[in-house]
Amino acid sequence: MPRLLLALLLVLPAFAAERYNTFLFGVAYYPEQWPESYWAPDARLMRDAGVNVVRMGEFAWYAMEPREDTFDFSLFDRAIAVLARHGIKTILGTPTAAPPKWLTARYPETLAVYSDGRVADDQARRHTCYNSPVYRRLSKRIVEEMAEHFKGNPNVIGWQIDNEFNCGLSECYSESCGNAFREWLKGRYGELHSLNERWGTAFWSQWYTSWGQVDLPFPAPASHNPAHELDYRRFISDSVASYQHDQVEILRRVRPNDFITHNGAFKNIDYYKMSRDLDLFAFDNYPCFQEKPQYTTGANLTRARGFRDRLMIMEQQTAAGGQTYLLRTPRPGEMSLWAFQSIAHGADGLLHFRWRTARKCIEEYWGGVLDHDNIPRALYQEFKKEGAEIRRIGNEILGSRVVSDIAVLNEFDDEWVLDHQYLTKEVNLAGEFEDLFQAASEARYNIDFIGRQADFNRYKIVFGPHLMLMDPELAQKIRKFVEQGGTFILSAHSAIKNHDNAMTGEVKPVLVRDLFGVEVIDFQCYQPPSRKKNAIRFEDGSTVPVNVFADVLKTTQAATVATWEHDSMKGSPALTENKYGKGIAAYYASFFNLEAARRLLRRYAAEHNLKPLLAGIPSGVEVTRRSKGQNHYYFVLNHEEQSVAIKPGPGYFDLLENAPAPANMTLRPFEYKVLRRAQ
Ligand code: GAL
């Protein structure tokens, strides 16, 4: 890449981020799905509810390019103008998640292909291939036309690239992907010989003698080489990022002052990498996929916040949702509670999905602020109240950060290794993240999920779940972190392989054996249900149930803190601590679960003298803190269906009431507070 272009790419995102300077509140709006006579009354109701932005356009390619090379944005010009007259700005979605019919009919090679060779049907959405040269050309074309058309429009303020990459289909086995995969592998390995060596293809006579023999991991009678599978997922992720980059490059050039984002988190994408191209990451937040969503949603939001360190919500659940299925309906007050949970975890803007429920097609169950009959009822009133609250506090909290002392290292490579070699049906990485989140939340601490590029030294405690792949760079980062006073807790079955997803001849944990002061000499993999089969006993006699794995350790330097309770390893170390520099490298010889997370957090939070964010808050009430300049903002969220008393003590200012907060308060069901206090 030419130097100048590279320099521009690095500078422009930072510049454009400054354009994101208002707390956005709004809805997804689909003018193409409604008679034009609805637009002005819609805009009036939105304005009255405090809406300052809508997102539109992300599925409307059919209207923007009705025939190949014939462009027509007039419907959107008119819709944007009507909204603008009511003080509402627009985020435009590029429409490439749903190509028009003429495109797939004329260019069937643009369609994605399933692993069994079936071509994706083109009668829904997300059915195209990121590596199809034709699809890339036509995608660039529509985005270029769109950007040029709206170039001078002051009411467009930002862009969402595509919509939810990898939703529905996260793998493609097309000929284009096969060709692109070989090119990607050539870039990574250079010589075929090197690929053979690093993948270990002497196994099962897999030794490739020409690049043409290397292919995507199609279904086969036996399981594929883990190195092959991991590279395939890395390739998918890079394909998405490069497809996205085509569009980012156009928009940065034509509309340099607009912010650019992408929404949703799905499989086979390394969001830390792909988000580098964006000004902020947008999460799509649908708590109703859970019956009791508090911790799952909190963990999801925490993870999404870490991808780009700046978060907005592009789609926040409004009413019940469903397509072929139907989710539960939020109780009165829950919609806004969840919206404030998103803000509590760092969102600097939030749009509900969607303004009005569709009357036709597969989302006729996906509830909007207004229902099919278009009558503003209680939900509209709740939305309006939420809008007024966000108007009141939004710009004050804009840019404030969730600052945490505790982090969890989140490596997509490891997730993908586990997707293929899942060990047992009980292994659940997302569940472990949620357990760690829940333990921190119960103890009233903020927590971050971070990628390897993060500055570990911002934290006091870092958990490393399932860090199977270890490489010198990561090993060095962990070492430095511990040396300078941090506590790093590595879970079982970590540091077992190199970055090629291959075992090495080294004694495990590889590259960090001296740091942790242990050697792994054996292990047991308990079959489900594992939790009754062994336990870890701590010095005070309390125990934590095993989660699937039990490493058998030999300590070389480390001290033993807890031991195995049963089985042949009974009495041998199960939690060890090695003092290294000013810090501690702890090895936890099982996978984390909720009991382990609570126990470990209690121990290490005490050692680091961490103070809970707020005292006097009963369980069922969530607390987070965002900070900016001199101020801390405490979000206190009652997830319970009954009233609860809270006693944060004196000295807080209630931002929503715009009055000093009493030391003791009662929160109604699903009520929330935002309390400010100077640091
Ligand atoms: C999201 C998607 C929206 C809509 C919504 C409700 O995944 O971006 O377009 O489908 O879910 O199903």
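Model, not experiment: these values are computed from the prediction. Values below: every heavy atom of this structure, side chains too, minus hydrogens, waters and symmetry copies. Counting starts at 1 for both ligands and their atoms, in listed order.
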Checking [X] side chain against [Y] main chain: does a donor-acceptor pair fall under 3.5 Å?
X: His86; Y: Val82; value: yes
X: Thr104; Y: Asp122; value: no
X: Glu640; Y: Phe670; value: no

Inset, instruction - Kindly check if the number of other-residue, nucleotide or ligand heavy atoms within 6.0 Å of OH (Tyr107) is above 12? - result: yes

Inset, instruction - Determine whether the side chains of Trp338 and Asn285 contain a donor N or O and an acceptor N or O closer than 3.5 Å. - result: no

Inset, instruction - Return the protein residues near ligand 1 (heavy atom under 4.0 Å from any of its atoms), ordered by chain and residue number. - result: Phe59, Arg125, Asn163, Glu164, Asp284, Tyr286, Glu315, Gln323, Phe353, Glu363, Trp366

Inset, instruction - With sequence neighbours left out, write down each residue that passes ring pair (Phe, Tyr, Trp, His ring centres under 6.0 Å) with Phe635, or none if nothing qualifies. - result: none

